[in-house]
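Predicted model, so just to flag it, every value in this text is computed and none were measured. Within every chain, numbering begins at 1; the chains are lettered A, B, ... in the order of the sequence lines, protein sequences first and strands thereafter.
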Amino acid sequence: MRVRFAPSPTGSLHIGGVRTALFNWLCARHYGGQFILRIEDTDEKRFVPGAADDISISLRWVGIDWDEGPDVGGPYGPYVQSERFELGIYRPFVEQLLEAGLAYMSFTTEEELAQMRAAAEAAGIKSFRFRGPERDWPLAQQQEMAASGKPFTVRLKTPLEGETRFRDLIRGGDEIVVQNDQLQDIVLIKSSGMPVYHFAHLVDDHLMKITHVMRGEEWVPSTPYHVLLYDYFGWQRPIFAHLPAILRHDGKGKLSKRKDDVATHRFRERGYLPETMLNYLALQGWSYDGVTEIMSRDELIERFTLDRIQPSPARWNPEKLRDMNGIYIRKRTAVEVAELVLPFMQRAGLIGDPASDAERAYLLRLIPLIHERLEELQEAPDLLRFFYRDVTPGETYNPADLIPKKHDAAQTIAMLRAAHEALSRQADWTPPALEVTLRGLCEQLAVKPGPLFGAIRIAVTGRSVAPPLFDTLAGVGRERSLARIKAAIAALEQMA
RNA sequence: GCCCCCAUCGUCUAGUGGCCUAGGACAUCACCCUUUCAAGGUGGAGAUCGCGGGUUCGAAUCCCGCUGGGGGCACCA
């Protein structure tokens with residue numbers, strides 16, 4: 001089995017593209033075959049410099065590697081279409097078709113074509129199918145016209161009647177059947193001489209001995225042209241497997257570059273783990289047994305089979321992705337999470353770049369407090385901010401929030417004063433020791449832990465939601481904790 | 001408009017003629033744990049399997065029609 005992923009470098013790699021690459025890669029690894037990366041840059045107008053690198057980087061990030069490709073080479077190179085074009089690889093195949101009368105030079109310009117379409121529409125013609133007049137010219141006449149310097153494209157000569165049928169591994173029942181009168185003479189070679197996708201990918205797939213073409217379902221409608229071409233050349237058709245689309249979260253259309261945040265590097269930037277992406281993406285159109293969802297790279301390779309790919313579209317589910325990322329973050333060790341979180345802390349300006357040993361040590365100490373609360377790594381700076389920055393009543397938080405439910409300012413002041421006094425005498429500033437002290441204080445004051453701990457939590461962290469109190473106090477440190485409680489008391493007194 | 005594809009809880013999905021009074025996950029709700037939030041545990045609600053016809057002793061599973069959704073109709077891929 002030889003499969004490939006053939007993206008075009010028109011921008012950063014779409015997450016749906018990674019899914020397509022993943023399914024191909026998983027097949028190659030599961031069934032034992034080669035996975036090839038080929039860059040299809042035949043669109044000079046939409047080419048984006050650096051996009052090819054983004055594709056490689058994104059694929060490698062999730063753990064997809066290739067046996068043949070632009071940077072690693074291989075027996076059927078080069079693996080970039082513009083380079084293949086320079087080498088004249090497509091030329092003889094165009095000639096072959098032209099000479100066999102299965103394609104023709106078309107001198108109709110884009111402008112003329114646009115006019116014809118507009119005229120057809122105005123005339124109420126339901127659907128316009130273009131076939132150039134030159135399709136019936138002898139080749140010599142076409143060549144003569146071309147020799148006169150008139151620009152031309154090469155078009156596929158599609159049959160006017162009959163039907164074209166092909167099989168798809170995951171959809172269409174037995175066969176997908178298209179009436180040939182629904183086709184039109186598509187462009188194979190642009191007037192610039194550059195081949196178009198339909199032609200280039202097919203020649204390359206043949207030359208590279210691709211056995212299975214796995215691509216997005218948006219290609220189903222153009223597959224008739226492809227099988228026609230295979231038949232015209234007398235080449236064996238590959239096995240087609242059109243992957244289900246990934247729909248937007250609201251179900252309104254496909255996931256799109258313009259409307260959705262789908263660039264692969266964006267997920268990395270938000271703090272998604274590569275193993276999360278690999279696992280989640282594998283489940284976009286494929287399932288193992290309907291019960292098992294969390295699977296490692298190796299398990300995915302072992303379990304992935306073609307017959308379990310869905311024909312119906314998947315829908316992008318950010319909540320599920322988040323949940324899964326939380327699961328994978330929890331699977332990592334504190335040391336790993338600290339390493340993962342570090343760049344986010346640096347970007348937030350909470351830790352220097354480069355980080356000092358002390359900063360690294362402090363971060364590692366704090367990680368256990370947020371580890372199981374983290375779903376996206378980018379949330380870390382916010383969760384840890386009060387360990388690094390001052391907490392000031394009136395600025396960081398509203399002093400009125402210090403007052404627990406069913407309590408008043410005076411009671412809160414009394415509680416915080418007692419807490420401050422008790423903690424002032426506290427020499428052993430470790431979580432267990434702090435717990436003994438503060439629980440003792442609850443009994444002494446005859447209050448429940450909720451209100452007391454809540455007030456201290458807000459005083460020290462500036463927020464009502466934070467990691468467990470004793471660990472938090474230990475993490476913030478004795479002096480800063482006491483100062484923050486004192487400031488809270490002062491703020492409350494000022495209110496009264 | 002024309003052509004193609006698809007159709008099970010809100011969402012993803014299991015299910016390939018009888019094991020289905022339809023299973024799992026996310027989300028949601030309640031309870032337990034508990035100093036808040038999470039995590040974890042338990043439980044609940046949630047799908048007459050889009051609708052209508054067939055085939056069959058028997059259909060979510062097979063066939064047809066309809067409806068709905070998606071995709072494609074470029075010198076873009």
From B/U36, B/G72, B/C4, pick the nucleotide closest to the side chain of A/Pro468? B/U36
Would you say B/G70 has OP1 or OP2 under 4.0 Å from some side-chain N or O of A/Arg315? no
Between A/Arg129 and A/Asp185, is there a side-chain N and carboxylate O pair less than 4.0 Å apart? no
For B/U21 versus B/A60, give the span between their P atoms, rounded off to a whole number of Å. 9 Å
Which comes earlier along RNA chain B counting from the 5' end, the contact point of A/Glu110 or that of A/Phe470, where each point is its nearest nucleotide? A/Phe470
Can you check the A/His226 NE2 to B/G72 P distance for me, whole Å? 14 Å
Under 4.0 Å: is that the gap between some side-chain N or O of A/Arg439 and OP1 or OP2 of B/U35? yes
Taking the six-membered ring for Trp, are the ring centroids of A/Phe470 and A/Trp429 within less than 6.0 Å of each other? no
Of the candidate nucleotides B/U11, B/C4, B/C37, which contains the atom at the shortest distance from the side chain of A/Arg373? B/C37
Between C1' of B/C4 and CZ of A/Arg215, the distance in whole Å: 14 Å
At under 4.0 Å, does any side-chain N or O of A/Arg308 touch on OP1 or OP2 of B/G15? yes
P spacing across the pair B/G24 / B/A45, given as an integer number of angstrom: 12 Å
In whole Å, what separates the C1' atom of B/G50 from that of B/G68? 7 Å
Base, sugar-phosphate alone, or nothing: which one does A/Gly253 contact when heavy atoms must sit under 4.0 Å apart? sugar-phosphate
I'd like the C1' distance from B/C26 over to B/C9, given in whole Å. 12 Å
Could you state the atom-to-atom distance from CD1 of A/Ile327 to C1' of B/G24 in whole Å? 13 Å
Are the charged groups of A/Lys320 and A/Asp323 less than 4.0 angstrom apart, N to O? no
So does A/Glu336 have more than 12 non-hydrogen atoms from other groups sitting under 6.0 Å from CD? yes
Within the 4.0 Å heavy-atom criterion, would you say A/Thr461 contacts the bases, only the backbone, or no part of the nucleic acid? nothing
In whole angstrom, give me the gap between the P atoms of B/A25 and B/C6. 29 Å
Pick the P atom in B/C62 and in B/G18, then give their distance to the nearest Å. 12 Å
From the set B/C4, B/U11, B/C76, return the single nucleotide nearest to any side-chain atom of A/Ile176. B/C4
Take the protein atom CD1 of A/Ile309 and the nucleotide atom P of B/U16, then report the distance between them rounded to whole Å. 19 Å
What's the closest nucleotide to the side chain of A/Gln182 if the choices are B/A77, B/C2, B/A7? B/C2
Counting only distance, no hydrogens or angles, is the base of B/C6 paired donor-acceptor with the side chain of A/Arg171 under 3.5 Å? no
Ring centres of A/Tyr272 and A/Tyr280 under 6.0 Å apart? no
If pairing means Watson-Crick or G-U wobble with both distances under 3.5 Å, then the partner of B/A25 is B/U11
Would you mind reading off the distance between A/Leu202 atom CG and B/A77 atom P, rounded to a whole angstrom? 14 Å
Roughly how many Å is it from CG in A/Leu243 to P in B/C6, rounded to a whole number? 14 Å
Nucleotide nearest A/Glu319 when distance is taken to its side chain, options B/C4, B/C73, B/C26: B/C26
Please check the phosphate of B/A14 (OP1 and OP2 only) for any side-chain N or O of A/Gln310 closer than 4.0 Å. yes
Does A/Lys320 make a side-chain N or O approach to OP1 or OP2 of B/U11 shorter than 4.0 Å? no
Whole-angstrom distance between B/U55 and B/C63, as gauged at atom C1': 7 Å
Look at the side-chain N and O atoms of A/Thr42 and state whether any lies under 4.0 Å from the OP1 or OP2 oxygen of B/A77. yes
Is there a Watson-Crick or G-U wobble partner for B/G40 with both distances under 3.5 Å, and if so, which one is it? B/C32
Please check: side-chain N/O of A/Arg131 versus main-chain N/O of A/Leu183, any donor-acceptor pairing under 3.5 Å? yes
Check this one for me: any side-chain N or O of A/Lys190 less than 4.0 Å away from OP1 or OP2 of B/A77? yes
Indicate, yes or no, whether a donor-acceptor pair under 3.5 Å links the base of B/C75 to the side chain of A/Ser191. yes
Can you identify which nucleotide, out of B/A74, B/C76, B/C6, has its nearest atom closest to the A/Arg46 side chain? B/C76
Counting only Watson-Crick or G-U wobble pairs whose two distances fall under 3.5 Å, which nucleotide matches B/C51? B/G65
Say whether A/Gln426 and A/Thr437, considering side chains only, have a donor N or O and an acceptor N or O under 3.5 Å apart. yes
Check step by step if salt bridge (charged side-chain N to carboxylate O under 4.0 Å, His left out) holds for A/Lys448 and A/Glu443. CA-CA 8 Å; A/Lys448 294 197 167 182; A/Glu443 279 186 41; over 6 Å; no
Nucleotide nearest A/Asn317 (side chain, heavy atoms from C-beta), chosen from B/G70, B/A77, B/C26: B/C26
Give the rounded distance in Å between these two atoms: CD of A/Glu163 and C1' of B/C3. 14 Å
Check the distance between B/U35's C1' and A/Met415's CE and give it to me in whole angstrom. 12 Å
Watson-Crick or G-U wobble partner for B/U16, using a 3.5 Å limit on both distances? none
I want to verify a distance call: between B/U35, B/U13, B/C26, whose nearest atom is closest to the A/Phe453 side chain? B/U35
Of B/A77, B/C37, B/U13, the nucleotide closest to the side chain of A/Ser8 is B/A77
Under a 4.0 Å threshold between the charged nitrogen and the carboxylate oxygen, would A/Arg4 count as salt-bridged to A/Asp204? no
Distance between P atoms of B/U61 and B/A22 (Å, rounded): 16 Å
Among B/G72, B/A39, B/C6, the one nearest A/Arg330 by side-chain distance: B/A39
